[in-house]
Each structure stands twice: as C-alpha cells, then as structure tokens.
Amino acid sequence: MSSSTSDSKLNVVVTGGAGYVGSVCAARLLESGHQVTVVDDLSTGHRDAVPSGATFVEGDVAEVADSLLADGYDGVLHFAGKSLVGESMQVPDKYWHGNVVTTLRLLDAMRRHRTPRLVFSSTAATYGEPATIPITEAAATNPTNTYGATKLAVDHLISSYATAHGLAAVSLRYFNVAGAYGQFGERHTSETHLIPIVLQVAAGQRDQVQIFGGDYPTPDGTAIRDYIHVVDLADAHEAALLRATAGQHRIYNLGNGTGFSVKQVIETCRAVTGHEIPAVVASRRAGDPAVLVSSSERAQAELGWTPRLADLANIVSDAWKFTQEHTAR
Ligand SMILES: NC(=O)c1ccc[n+]([C@@H]2O[C@H](COP(=O)([O-])OP(=O)(O)OC[C@H]3O[C@@H](n4cnc5c(N)ncnc54)[C@H](O)[C@@H]3O)[C@@H](O)[C@H]2O)c1
C-alpha cells in the first residue's frame with residue numbers, strides 16, 4: 001500500500017531525522033516535494049533539528065514502527081542508530097540492540113505493512129582495514145569494531161529480506177560526512193569527528209586538537225580520510241530512494257574519491273576560520289588505518305549522482321558557519 005501523490009513525489013518516514021545526516025536529508029526531501037515523517041527518540045538528536053515541514057513522531061523506532069507504518073508509506077530512510085566506535089567496543093549490547101534488533105523490528109513492520117522501499121545508512125567501517133585504495137564495494141568486509149560489525153549484520157539482514165520479500169533496498173556506505181546545510185549541521189554531544197572537533201578549537205570550546213598518529217606511511221605522516229559534504233550525501237539518498245528496485249538490495253559507497261590528511265584538514269580549518277588552532281601529535285589509535293578513500297564510481301554510474309561540493313574549503317566553511325551560529329546561542 002502506498003500513499004504517494006505521484007510517481008516521483010513520495011510519502012516517506014525518516015528515522016533519525018533529528019540527527020545530523022537525517023535532518024539534512026529530511027530538509028532536502030521536503031524541498032524536492034516529498035512528504036516526510038520523522039521518527040526520533042532524541043537520544044542523540046535535537047527536536048529543533050527536525051525541519052519545520054516534517055511531521056514529527058517522538059519515539060524508539062523499534063517500538064513505533066509497526067503502528068506508524070500501518071498508515072501506508074512509500075518508503076523509509078533509516079538513519080537512526082548508534083555510531084560511536086569507541087563506545088561500541090565498551091557497550092556492545094547497546095549497538096547490537098540499537099542497530100540490529102531495531103532494524104529487524106523495522107523490517108518486520110515494513111514487511112507487514114508492505115512498505116516497498118528502504119534506504120539504509122551503512123558505513124565504511126563495514127570494510128575494516130582495506131587491502132587496496134580506493135575502496136570499492138567489492139572489497140572484503142572485515143570490520144575492526146563492533147559498530148562496523150552491527151552495520152554489516154544489518155546489510156546482511158536487508159539482503160535476505162529484499163530477496164525473500166521483494167523489498168527495494170539500498171545501503172549507502174558513507175565515508176566521513178562533513179559540512180552543514182544552513183541551520184542543519186553536526187552537534188553531537190560526544191563529538192568524535194575531526195572537522196567539528198577542530199572547529200570547536202577555533203570557536204574556543206576546546207584548547208587544542210589531538211592528531212592521532214604522526215608516523216603513518218603518508219606524505220605528512222598523518223592519516224588520510226575521504227570527506228563528503230552532507231548535502232551531496234543527502235542528494236544521493238533521494239536518488240537511491242527513487243531508483244531502488246523491488247527484490248534487490250544494492251550497496252553503494254559514498255565519498256568524494258579524494259583523501260585529505262589530518263594535517264591538511266587542520267590547515268584548511270585555520271585558513272577558513274582565521275584562528276591559530278593549536279594541535280598536538282598523540283599516539284595512533286588501535287584499528288585506525290593509514291588511508292581510507294572511497295571509490296564512488298558505482299554510485300555515480302547507477303544512481304546518476306555526482307558529488308558537487310567536494311572542495312574541502314567549502315565543506316569546512318559551511319561547517320564553520322553552523323558552528324559559529326550554535327556557539328553564539
Ligand atoms: N556522520 C557520519 O560521518 C556517518 C558515517 C557513516 C555512517 N553514519 C550513519 O549515519 C546515521 C546517522 O548518523 P549521524 O551522524 O546523523 O548520527 P546522529 O546521532 O546525529 O543521528 C542519529 C539519530 O537517530 C536517533 N536515534 C538513535 N536510535 C534511535 C532509535 N532506536 N529510535 C529513534 N531514534 C533513534 C538519534 O536521536 C539521532 O537523532 C547513523 O546510522 C550512522 O551510523 C554516519
């Protein structure tokens with residue numbers, strides 16, 4: 001059953017739409033003319049991050065999915081989840097329940113109410129230490145932490161539901177998401193992502209940034225990562241939603257295909273903000289590979305999507321505007 005008004009304007013549920021990526025995606029979907037219902041328990045999200053045009057349901061996806069989906073929706077974009085790598089090693093049950101059990105409940109509700117499409121937030125952490133760079137979807141999946149293992153388990157779950165029950169499903173494996181979209185940006189209480197941490201130093205909220213590892217086999221000795229603008233990421237979700245095919249589970253990596261070292265990111269943040277940003281080199285963290293760079297060729301070829309905001313200075317500049325607004329409050 002579906003309640004869409006036309007073939008390309010859909011009525012969708014966005015789980016985790018009060019969080020960073022989900023709020024940007026919900027805002028972009030609304031601008032494209034889709035109807036959006038956000039479900040979020042506000043465990044790491046913010047009520048004021050839910051775009052004003054969306055209907056908001058406060059609750060745990062595992063508990064509310066069944067009653068909500070009975071109303072008839074064209075699809076679900078499933079961002080809700082737990083995503084702190086360190087925490088996942090200390091409190092694994094929170095991750096197996098929060099990511100795997102919750103998604104199983106969601107999939108059962110979708111099956112029961114015949115919700116036809118799913119787009120899932122997977123991660124580059126499903127691959128673990130890459131044997132070759134750039135990382136394609138054909139790379140071996142050997143996650144080095146519980147977070148990555150739970151996301152990989154969900155990918156397997158989705159594959160079997162797509163094959164057996166005709167679900168049209170897409171998993172998007174994000175590399176490092178960064179940047180902001182106007183009032184929607186990254187404000188995690190436990191911030192682990194490099195760009196917001198560096199910008200917090202620029203904003204006077206932290207004294208310095210720690211560089212984990214200065215002796216990697218990279219040109220400047222610091223680790224290299226692939227940063228994708230959150231708006232490019234959101235646009236890939238709409239393309240995936242519209243192109244999902246019944247009975248198929250497609251997996252796409254989403255990154256820029258270009259790597260930047262930790263030192264390059266800090267230098268860019270200094271240039272954009274005009275602040276000194278003290279940095280100190282600390283030891284490497286266990287399980288942090290030297291280089292993680294995505295091949296997004298499959299997404300570009302099959303989703304008709306291209307990252308348009310790949311310039312690191314633009315990504316940092318958008319994140320800096322957001323940081324300044326939220327620091328001023
Ligand atoms: N940000 C990144 O760089 C990145 C990279 C790879 C993958 N991801 C994945 O993308 C998704 C979104 O990431 P984010 O950075 O926006 O995280 P976030 O913490 O900002 O957003 C997650 C949202 O889900 C909500 N939530 C969590 N569990 C819930 C539940 N059971 N029921 C209802 N709501 C729940 C939280 O309150 C929050 O608003 C996550 O699944 C994450 O694993 C993010």
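We count ligands from 1, going down the list as the structure has it; atoms in each ligand are counted the same way. Please read these numbers as outputs of a predicted model, since none were measured by experiment.
The distance from ligand 1 to the heavy atoms of G45 drops below 4.0 Å at these ligand atoms: 36 (C), 37 (O), 38 (C), 39 (O). Counting the atoms of ligand 1 from 1 in the order shown, those under 4.0 Å from a heavy atom of F79 are 11 (C), 12 (C), 40 (C), 41 (O). For ligand 1, the atoms lying closer than 4.0 Å to a non-hydrogen atom of A80 are 24 (O), 26 (N), 29 (C), 34 (N), 35 (C).
Contact annotation: A18 has at least one heavy atom less than 4.0 Å from an atom of ligand 1. Put simply, no part of R173 is less than 4.0 Å from ligand 1, judged by heavy atoms. Not a single heavy atom of G98 lies less than 4.0 angstrom from ligand 1. At least one heavy atom of L42 sits closer than 4.0 Å to an atom of ligand 1. Note on ligand 1: G59 sits in its first shell, one or more heavy atoms being nearer than 4.0 Å.
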What do the steps show when you test R28 against E238 for salt bridge (Lys or Arg N to Asp or Glu O under 4.0 Å), and what is the final call? CA-CA 8 Å; R28 299 285 291 182; E238 185 181 6; over 6 Å; no

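Between N176 and H193, every side-chain heavy-atom pair lies at or beyond the 4.5 Å cut-off.
Of the candidates N99, T44, V24, it is T44 that places a heavy atom closest to atom 38 (C) of ligand 1. Here atom 42 (C) of ligand 1 lies nearest to Y147 when heavy atoms of Y147, Y20, Y174 are compared.
The minimum heavy-atom distance between S296 and S294, with the atom names listed, is OG-OG, 3.3 Å.
In this structure, F184 is a member of the same hydrophobic cluster as L77, with clusters built from ILVMFWY side-chain heavy atoms closer than 4.5 Å. Residues V85 and Y227 do not share a hydrophobic cluster, clusters being chains of Ile/Leu/Val/Met/Phe/Trp/Tyr side chains in contact below 4.5 Å. One hydrophobic cluster, built from ILVMFWY side chains closer than 4.5 Å, holds both L104 and F120.
Below 3.5 Å of separation, one finds no N or O of H46 facing any N or O of ligand 1. For a threshold of 3.5 Å applied to N or O pairs, the pair formed by T123 and ligand 1 contains no separation below that value. For ligand 1, the polar-atom distance check finds an N/O of V21 within less than 3.5 Å of one of the ligand's N/O atoms. Looking at ligand 1, you won't find any N or O of T102 less than 3.5 Å from one of its N or O atoms. Every N/O-N/O distance between G22 and ligand 1 stays at or above 3.5 Å.
Scanning for ring pair (Phe, Tyr, Trp, His ring centres under 6.0 Å) contacts around H237 gives F79, Y174, with sequence neighbours left out.
Residue contacts with ligand 1, taken as heavy atom pairs separated by less than 4.0 Å, do not involve E186 at all. At a heavy-atom cutoff of 4.0 Å, ligand 1 is contacted by the backbone of S122 but not by its side chain.
Salt-bridge formation is not detected for the pair R105/D108: no Lys NZ or Arg NE/NH1/NH2 atom is positioned less than 4.0 Å from an Asp or Glu carboxylate oxygen.
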Expected list for residues 153-160: side-chain donor-acceptor pairs under 3.5 angstrom, two or more places apart:
residue	atom	partner	partner atom	Å
D155	OD1	S171	OG	2.6
D155	OD2	S122	OG	2.9
D155	OD2	R173	NE	3.2
D155	OD2	R173	NH2	2.8
S159	OG	D155	O	3.2
S159	OG	H249	ND1	2.7
S160	OG	L157	O	2.9

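Atom CZ of R284 is surrounded by more than 12 heavy atoms from other residues, nucleotides or ligands within 6.0 Å.
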